[in-house]
Amino acid sequence: QVQLVESGGGLVQAGGSLRLSCAASGRTFSSVNMGWFRQAPGKEREFVAAISWSGGSTLQADFVKGRFTISRDNAKNTVYLQMNSLKPEETAVYYCAAGRAAAPRQSGYEYDYWGQGTQVTVSS
């Protein structure tokens with residue numbers, strides 16, 4: 001069992017930065033892949049980035065490449081999403097998720113545990 005709690009969301013101006021954190025409880029954190037997803041009002045949830053259990057492999061959506069970075073610290077049971085050059089259309093609730101697939105995945109169906117989400121609002 002893995003419980004996830006996101007933090008770090010808030011209000012930021014376009015072009016600004018935020019770092020999201022996702023703290024996990026449970027002894028199996030270091031053996032699961034972690035992902036970040038987001039869901040804007042009226043839209044479907046979409047994949048943002050994922051990282052393997054070791055941190056050695058990452059996957060990112062095309063629209064965040066070069067701007068967002070996913071990382072993890074297994075000693076702290078925490079995964080991070082550094083977001084730079086934010087755009088107003090990236091306003092959404094951001095969720096972290098944990099999964100046991102063999103490698104980081106883009107599909108939400110590959111993740112077994114989800115956090116409650118943290119709101120990110122980017123003003124123009």
Side-chain angles (χ1 to χ4, degrees):
Q1 188 79 9
V2 178
Q3 293 181 325
L4 307 171
V5 179
E6 301 95 337
S7 62
L11 175 64
V12 64
Q13 289 187 334
S17 299
L18 283 175
R19 188 175 83 153
L20 305 183
S21 299
C22 175
S25 63
R27 294 177 292 177
T28 59
F29 175 78
S30 60
S31 64
V32 295
N33 299 313
M34 299 296 297
W36 285 98
F37 293 78
R38 67 189 185 188
Q39 186 166 21
K43 295 187 177 181
E44 294 187 351
R45 182 181 63 198
E46 63 180 353
F47 169 77
V48 176
I51 189 167
S52 64
W53 64 270
S54 68
S57 177
T58 61
L59 193 62
Q60 292 178 309
D62 287 343
F63 55 78
V64 303
K65 286 182 179 178
R67 298 188 299 122
F68 291 12
T69 303
I70 188 171
S71 61
R72 68 189 294 164
D73 185 339
N74 286 346
K76 295 182 178 180
N77 278 14
T78 301
V79 63
Y80 305 97
L81 183 67
Q82 176 67 44
M83 306 187 294
N84 300 326
S85 302
L86 283 161
K87 305 173 183 179
E89 56 265 37
E90 296 182 305
T91 293
V93 178
Y94 284 70
Y95 299 91
C96 71
R100 299 181 183 278
R105 305 293 191 196
Q106 293 192 31
S107 170
Y109 293 106
E110 300 282 355
Y111 294 84
D112 305 298
Y113 306 100
W114 293 82
Q116 293 299 306
T118 185
Q119 176 71 46
V120 171
T121 302
V122 185
S123 64
S124 57

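Computed over heavy atoms, backbone and side chain alike; hydrogens, waters and symmetry mates excluded.
- Taking 4.5 Å as the limit, every side-chain heavy atom of Val48 sits out of range of all side-chain heavy atoms of Met83.
- In this structure, the separation between OH on Tyr94 and CG on Leu81 is 7.5 Å, given to the nearest 0.5 Å.
- Residue pairs satisfying the salt bridge (Lys or Arg N to Asp or Glu O under 4.0 Å) criterion with at least one member in residues 46-59, sequence neighbours excluded, are listed as follows: Arg38-Glu46.
- Glu6 places a side-chain N or O within donor-acceptor distance of the main-chain N or O of Gln116, the cut-off being under 3.5 Å.
- In plain terms, the two heavy atoms of Pro104 and Ile51 that are nearest each other are CG-C, 3.7 Å.
- Here the closest heavy-atom approach between residue Ala101 and residue Glu110 is recorded as CB-OE1, 3.8 Å.
- Linking ILVMFWY side-chain heavy atoms closer than 4.5 Å, directly or via other members, places Trp36 and Val120 in a single hydrophobic cluster.
- When all heavy atoms of Ile70 and Met34 are compared, the closest pair comes out as CD1-O, 4.0 Å.
- Taking 4.5 Å as the limit, every side-chain heavy atom of Val5 sits out of range of all side-chain heavy atoms of Gln3.
- At least one side-chain heavy atom of Glu90 sits under 4.5 Å from a side-chain heavy atom of Phe68.
- Side-chain atoms of Val32 and Asp112, non-hydrogen and from C-beta on, never get closer than 4.5 Å to each other.
- The distance from atom CZ of Arg105 to atom OG of Ser52, rounded to the nearest 0.5 Å, is 11.5 Å.
- Annotation: side chain of Ser17 is in contact with side chain of Asn84 (closest heavy-atom distance under 4.5 Å).
- Residue pairs meeting the salt bridge (Lys or Arg N to Asp or Glu O under 4.0 Å) criterion with at least one member in residues 57-66, sequence neighbours excluded: Asp62-Lys65.
- Remark: Thr91 OG1 to Gln119 CD distance equals 7.0 Å, nearest 0.5 Å.
- Taken to the nearest 0.5 Å, the CZ atom of Arg67 stands 6.5 Å off from the CG atom of Leu86.
- By the 4.5 Å side-chain criterion applied to Ile, Leu, Val, Met, Phe, Trp and Tyr, Val93 is assigned to a cluster that also includes Phe37, Phe47, Leu59, Tyr95, Tyr111, Trp114.
- Atom OG of Ser7 is separated from atom OH of Tyr80 by 9.0 Å, given to the nearest 0.5 angstrom.
- Taking both residues in full, the closest heavy atoms of Ala23 and Thr78 are given as CA-OG1, 4.2 Å, listed atom of the first, atom of the second, then distance.
- Distance check: Glu89 CD to Lys43 NZ gives 8.0 Å after rounding to the nearest 0.5 Å.
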Problem - Steps toward side chain to side chain contact (heavy atoms under 4.5 Å, CB included) verdict (Thr28, Arg100) - result: CA-CA 10 Å; Thr28 59; Arg100 299 181 183 278; 3.6 Å; yes
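- Remark: the backbone N or O of Asn33 is not paired with any side-chain donor or acceptor of Arg72 at under 3.5 angstrom.
- Across all their heavy atoms, Ser124 and Ala14 have their closest contact at CA-CB, 4.4 Å.
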